[in-house]
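Bear in mind that the values here come from a model prediction, so they are computed numbers and not experimental data.
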Amino acid sequence: MNSAFDAAAIRARAEVAITVALEAGRETARFRRDSNFGTLAVENKGLQDFVTIADKNAEQAIRDGLLSRFPDDTFMGEESGGRSGEGGTWVVDPIDGTTNYIRGFRHWGVSIAFVVGGKVGIGVVYDAAEDKVFHAVRGGGAFKDGLPIHVAATADPANALVILGHSRKTSFDDYLAISKRLHERGMDYRRMGAAAIDLVRVAEGAADLYYERHLNAWDMLAGALIAEEAGAMVAMPAVDSLLMNGGPVIAYSPGLAGEFAFILDIEELAAVPVKPSSAGARRFLSPAPRQS
């Protein structure tokens, strides 16, 4: 990791990011509860690709909250853009799952990653459905409101639950073929529409796989680190490539590695091996967010 970011610097950023994610997530949820469709000011960025005034307000609040404390960091947001810098870069999706948010389906979240030296050092995800914050610092474990989490120990595909993402950037026929193959192995599957939340579902053991063929970096980086630190096998392109072009992500329970090897072959990726510390006790690096 960049020498300018020692453990204390990373810890300070993680603590601020947890607070910022919780505040932005709660305010965004409150705004949705108090709004009707007309006041969301929905704009169409493409087919089934929306942005609302809530996305823009949340991103500005997150930017202000992070850069007011760390003004030398750079910021890359889904709505406001930006580029990665030579130091550390915050990569943010203010509402991951905007379509769900618009329709009142509470499977959405706030995703905040901190990238330094070509690696994700911090991942923070606010989960609107539970009003909780997941977080991880590289090498320090994964947590949900301060309590350690770990991937499921599922080994039998007949007991597996998987989540498959899909966007119109990739082939629907390929998505159906993969769904069919997993179904034939006895697995149940879902498509939920919010990658950051789907990845933390793997991290906490609620699902055994999350796979999507193309995502933007702000959709996946925070959740991927949380899943990895929770003991998941994670495969995705290099972070610098994802920041430029996006790409696939695969995160899954180690006990089902053989079942999902064909997906790695499709994407020509190798999974990050589970760290020995993933199965043991973890040191909590940041304070749990206070619940109101």
Side-chain angles (χ1 to χ4, degrees), residues 1-2 4-5 9-10 12-25 28 43 45-46 49-98 101 108-126 133-138 165 167 169 194-197 199-200 212 214-228 234 236-249:
M1 191 154 293
N2 190 311
F5 298 97
I10 292 296
R13 283 166 172 78
E15 291 170 349
V16 171
I18 289 169
T19 299
V20 167
L22 183 65
E23 291 175 351
T28 301
E43 299 174 19
K45 298 191 292 183
D49 187 8
F50 305 104
V51 62
T52 71
I53 188 64
D55 294 83
K56 296 176 181 179
N57 289 346
E59 184 162 306
Q60 187 61 53
I62 294 167
R63 177 193 285 269
D64 292 346
L66 296 173
L67 297 189
S68 65
R69 287 290 307 274
F70 309 106
D72 293 331
D73 294 349
T74 55
F75 187 94
M76 177 185 291
E78 178 178 11
E79 308 309 334
S80 61
R83 291 185 290 182
S84 60
E86 293 182 359
T89 302
W90 296 99
V91 183
V92 171
D93 190 342
I95 304 178
D96 183 51
T98 297
Y101 177 80
W108 61 269
V110 176
S111 177
I112 301 175
F114 185 68
V115 174
V116 58
K119 293 185 177 181
V120 184
I122 300 167
V124 176
V125 172
Y126 170 78
V133 175
F134 293 79
H135 91 275
V137 170
R138 181 166 296 280
S167 77
K169 297 177 181 178
I197 303 302
L199 284 161
V200 300
E212 184 155 352
H214 187 275
L215 291 163
N216 292 307
W218 45 75
D219 298 312
M220 70 164 81
L221 292 184
L225 178 65
I226 294 167
E228 180 183 337
V234 176
M236 60 186 187
V239 170
D240 289 344
S241 174
L242 290 172
L243 291 172
M244 291 291 293
N245 305 308
V249 65

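S111 and A222 make their closest contact through OG-CB, 3.4 Å (heavy atoms, listed as atom of the first residue, atom of the second, distance).
The shortest distance between side-chain heavy atoms of I95 and V110 does not fall below 4.5 Å. Residues T98 and W108 are not in side-chain contact: their nearest non-hydrogen atoms beyond the backbone lie 4.5 Å or more apart. Looking only at side-chain heavy atoms (C-beta outward), T89 and D73 stay at 4.5 Å or farther from each other. Counting heavy atoms from C-beta on, the side chains of T28 and Y101 come closer than 4.5 Å. The side-chain heavy atoms of L215 and E212, taken from C-beta on, include a pair separated by under 4.5 Å. Using a 4.5 Å heavy-atom threshold, the side chains of V120 and V239 count as touching.
A distance of 6.0 Å or more separates the ring centres of F134 and Y126. W90 has its ring centre less than 6.0 Å from the ring centre of F114.
The CG atom of N57 sits 4.5 Å away from the CD1 atom of I53 when rounded to the nearest 0.5 Å. The CG atom of L221 sits 9.5 Å away from the CE atom of M76 when rounded to the nearest 0.5 Å. The distance from atom CG of L199 to atom CE of M236, rounded to the nearest 0.5 Å, is 9.0 Å. Annotation: the span from R138 atom CZ to I10 atom CD1 amounts to 10.5 Å, rounded to 0.5 Å.
The side-chain contact (heavy atoms from CB on, under 4.5 Å) test applied to N216 returns K169, H214, W218, D219, not counting sequence neighbours.
A side-chain contact (heavy atoms from CB on, under 4.5 Å) with V125 holds for exactly one of I197, D93, D96; it is I197.
Remark: R13 is not positioned above the aromatic ring of F5, lacking an NZ or CZ atom under 6.0 angstrom from the ring centre and at most 45 degrees off the axis.
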